[in-house]
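Below, chains carry the letters A, B, ... as their sequence lines are ordered, and counting in each starts from 1. Only this structure's heavy atoms are used, side chains among them; waters, hydrogens and symmetry mates stay out.
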There are 2 protein chains.
Amino acid sequence: MNTPRLRADAAENRARIVEVARAVVASSDELKLNAIARQAGVGQGTLYRHFPTREDLLAEVYRHEVEELVEVAPVLLAEHDPVTALARWFDRVADYARVKRGVFAAVEVGVWQDLSAHSLGPIGDAMTALLEAGKATGAIRPDVDARDVILLIGYLTRLDEEEWDTRARHLLGVVLDGLRSRE
Amino acid sequence: MNTPRLRADAAENRARIVEVARAVVASSDELKLNAIARQAGVGQGTLYRHFPTREDLLAEVYRHEVEELVEVAPVLLAEHDPVTALARWFDRVADYARVKRGVFAAVEVGVWQDLSAHSLGPIGDAMTALLEAGKATGAIRPDVDARDVILLIGYLTRLDEEEWDTRARHLLGVVLDGLRSRE
DNA sequence: GATTATTGTGGACACGTGTCCGTTTATATA
DNA sequence: TATATAAACGGACACGTGTCCACAATAATC
């Protein structure tokens with residue numbers, strides 16, 4: 001399924017790149033592409049063919065985290081009303097984003113990829129599910145979509161450590177209010 | 001007042017850098033710092049001493065535009081109710097941001113500078129005035145400030161040309177709703 | 001196993017950013 | 001005008017990004 005013919009050595013290299021990247025990110029949250037290539041014992045070109053942009057690599061590195069976010073969405077919807085579920089989900093995103101800034105980039109690329117295709121990818125679908133549930137009950141305004149939400153909460157990436165505490169959660173609340181229907 | 005001793009040649013160089021930068025930005029909206037230095041006939045070091053970051057240079061390049069935004073705020077407040085005034089002001093910002101992406105960076109640096117000092121700078125004051133007016137009538141929630149607004153509308157810089165039309169204005173509306181008091 | 005088309009490789013290269021520091025130049029003083 | 005000193009200069013340098021392409025390895029075919 002996800003092997004549309006991949007040469008053996010290519011797969012090895014790819015795996016090694018991801019492995020090294022994960023290790024580097026885990027210990028420093030930094031990601032210097034050329035350093036990854038060197039440590040993985042491959043050339044720059046090889047790295048860039050496997051992962052054309054830094055975001056593509058981050059998406060792979062943080063795939064587990066993103067999958068967790070995808071999976072928790074329906075759980076939250078089952079337990080709470082749609083707006084609360086969305087709020088809780090925002091909290092999860094913020095938790096990840098705070099510790100590992102790269103997670104948000106991974107989420108971002110997940111929603112942005114396939115702009116041409118109609119698919120949003122799993123993460124986009126998860127966000128869409130949350131929004132649609134809210135629209136169905138009339139709690140969320142009908143004219144917003146997953147991309148809108150990504151754009152609005154993107155400020156999380158530009159917040160530094162010290163402003164995080166005072167602004168991150170607070171502004172998620174403001175955004176949430178903006179997403180609600182005005183009765 | 002703004003000349004705490006500045007050597008003659010330094011002033012000349014500074015002026016020439018800004019002049020060149022303005023010309024370059026006007027014709028392409030791009031700003032390659034080393035190219036500016038070369039065209040202005042100064043070394044890289046000189047450019048970086050006058051403008052430590054690219055944003056500082058942008059702030060100077062777009063000073064007129066930013067001043068216009070500062071001045072229009074009280075006018076809008078005189079003509080409209082606070083929320084409408086804020087909405088109109090957002091429109092102005094969006095107009096600038098669309099044509100010249102750098103304007104928003106200039107606004108951003110204007111509000112962010114002097115984080116240590118309590119002053120927000122003129123642009124921050126203008127935004128604050130709009131927000132305070134709204135808080136006074138109860139239309140705007142009391143727990144938001146100028147920095148919050150900058151963070152929220154920062155998505156404008158990450159929007160490309162084709163998504164602009166469908167999302168920029170629309171999301172400004174969403175943000176505005178988030179800023180309103182929930183009655 | 002040899003041949004061949006194709007896929008993948010890797011490192012040199014061009015570019016932009018930002019820093020550092022030895023040298024130059026303006027200005028105050030005499 | 002000569003001198004001292006502090007301010008300003010400028011370009012070399014180190015670094016990270018991303019591209020390009022001659023070459024090498026693989027896997028399919030005979």
How close or far is atom C1' of D/dT17 from atom CZ of A/Phe51, stated in whole angstroms? 17 Å
What is the distance, rounded to the nearest whole Å, between atom CD1 of B/Ile36 and atom C1' of C/dT17? 14 Å
Separation of C/dT19 P from B/Leu33 CG (nearest whole Å): 11 Å
Only one of A/Thr84, A/Leu130, A/Leu77 clears side chain to side chain contact (heavy atoms under 4.5 Å, CB included) with A/Trp89; which? A/Leu130
For A/Leu47, which contact category applies under a 4.0 Å heavy-atom criterion: base, sugar-phosphate, or nothing? nothing
Decide yes or no on side chain to side chain donor-acceptor pair (under 3.5 Å) for B/His50 and B/Asn13, but give the supporting numbers first. CA-CA 9 Å; B/His50 285 299; B/Asn13 277 332; 5.4 Å; no
Between C1' on C/dG10 and CZ on A/Arg14, what's the gap in Å once rounded to a whole number? 18 Å
Whichever of B/Gly45 and B/Arg54 has the more 5' nearest nucleotide on DNA chain C, that residue is B/Arg54
Taking any heavy-atom pair under 4.0 Å as a contact, classify B/Ala35: base, sugar-phosphate, or nothing. nothing
Is B/Thr46 near enough to D/dG10 that one of its side-chain N or O atoms lies under 4.0 angstrom from OP1 or OP2? yes
Picking from C/dG16, D/dT19, C/dG8, the nucleotide nearest the side-chain atoms of A/Ala10 would be C/dG8
I need the CG-C1' distance between B/Leu6 and D/dA7, as an integer number of Å. 10 Å
When you match A/Asn13 and B/Thr53 each to their closest nucleotide on DNA chain C, which lands nearer the 5' end? A/Asn13
Out of C/dG10, D/dT19, D/dG16, whichever nucleotide has its closest atom nearest the side chain of A/Val42: C/dG10
So, B/Arg167 side chain and A/Leu151 main chain: donor-acceptor pair closer than 3.5 Å or not? no
Round to a whole Å and report the spacing from NE2 of B/His50 to P of C/dG18. 17 Å
What is the distance, rounded to the nearest whole Å, between atom OH of A/Tyr48 and atom P of C/dG11? 15 Å
Got a salt bridge between B/Asp9 and B/Arg16, using NZ or NE/NH1/NH2 to carboxylate O under 4.0 Å? no
No-H, no-angle donor-acceptor pair, A/Gln44 side chain to C/dG11 base, under 3.5 Å: no
If you measure from CD on B/Glu60 to CZ on B/Arg22, what distance do you get to the nearest 0.5 Å? 6.5 Å
Heavy-atom donor-acceptor pair, B/Arg7 side-chain to D/dA6 base, under 3.5 Å: no
Whole-Å distance, A/Glu30 CD to D/dC15 C1', equals 13 Å
Please work out if B/Asp9 contacts a base, only the sugar-phosphate, or nothing of the nucleic acid, heavy-atom cut-off 4.0 Å. sugar-phosphate
Would one find a side-chain N or O of B/Arg49 under 4.0 angstrom from OP1 or OP2 of D/dC9? yes
